[in-house]
Number of protein chains: 2
Amino acid sequence: MSNAKLYKGSLSTIILKLLAEGDKMYGYEITQKVKKMTQGELKITEGALYPALHKLEADGLLDVEVKKVDNRLRKYYKLTEKGTKESINKLAELERFIETIQGIVNPKPSLG
Amino acid sequence: MSNAKLYKGSLSTIILKLLAEGDKMYGYEITQKVKKMTQGELKITEGALYPALHKLEADGLLDVEVKKVDNRLRKYYKLTEKGTKESINKLAELERFIETIQGIVNPKPSLG
DNA sequence: TTTGATGCATAAGAAAATTAGGTATATTTG
DNA sequence: CAAATATACCTAATTTTCTTATGCATCAAA
């Protein structure tokens, strides 16, 4: 279930971003959505996802709601107020990181 | 010596990229160059840098040459042939990773 | 009926950082 | 002159964050 090795540290940001879109989501749904959005490039492993979700919940960024659908359990997660704020921060941080990396990979001569 | 926290996994790629520019470099020089190129955004810690350099050397991607300048030791690193190839691969991988992340952070509606 | 998809979970291990030291020389600054 | 800062290397302990490998359960499809 894995592929890209470089996304270390960005998983929680990805989760927060998806949930900031509006709707609550459950774990499996997140893996499938990311897979689809990235054309299969990024396959989030369950061993990474569930601990990450639990940590975000423990940190007060997510609320959980358990539902039974088709006789199967789903744990729906949504952002708390704190989570909404944090998603904005994390997104900005990730975007700044990308710009920073771009500054190295594709530098402007004046700074190289 | 640290600041931006999201670059896990990209350090060796950064090192290879800088050395692919042409000139040999020594460790301290790399930290200073990255700091300058990123306007202080990315400060590579020595605890990360030196083990990374040693691993790249052990993997046959870098060659070392020790010099004494102003009565201080410098270990100059340069790419081996293998390292040159690997730098190209790693760079491409990093760029694909960035595109993938962009696809999530700034998705096209058709895939969202 | 057995494989694959859906849906959750955890434990052991690896990778890659941070943090916090250590050593030494040279320069700057109060 | 003494102390702080910059230059230059290093490593060990710890933490974070994954991967890999499981386990359990339901349901659909082959």
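We name chains A, B, ... by the order of the sequence lines, and we start the count at 1 in each one.
OP1 or OP2 of dC27(D) has at least one side-chain nitrogen or oxygen of Asn71(A) nearer than 4.0 Å.
When rounded to the nearest whole Å, the span between CG of Leu56(A) and C1' of dT16(D) equals 14 Å. Residue Leu11(B) contributes atom CG, which lies 9 Å from atom C1' of dA17(C) at whole-angstrom precision. In this structure, Lys8(B) atom NZ and dT19(D) atom C1' are separated by 14 Å, rounded to whole Å. Rounded to an integer number of Å, the gap from CD1 of Ile14(A) to P of dT17(D) is 13 Å. At whole-Å resolution of the value, CD1 in Ile44(B) and C1' in dT19(C) are 17 Å apart. A straight line from CE of Met25(B) to P of dA8(D) spans 12 Å, rounded to a whole angstrom.
For Ser12(A) and Lys90(A), the side-chain atoms include at least one donor-acceptor pair closer than 3.5 Å.
Rounding to the nearest 0.5 Å places CG of Leu61(B) at 9.0 Å from OG of Ser87(B). To the nearest 0.5 Å, the span separating CG on Leu94(A) from OG1 on Thr13(A) amounts to 5.5 Å.
Of all the heavy atoms in Lys17(A) and Leu91(A), the pair that sits closest is CB-CD2, 3.6 Å.
Scored by the side-chain hydrogen bond (donor to acceptor under 3.5 Å, both in side chains) test, Thr80(B) finds no partners at all (sequence neighbours excluded).
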Query - B/S/- contact track for nucleotides 2-11 of chain C, protein heavy atom under 4.0 Å - result: ---SBSBBB-
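Note that Lys24(A) lies in the cation-pi zone of Tyr76(A), set by a 6.0 Å cut-off to the ring centre and a 45° limit from the axis.
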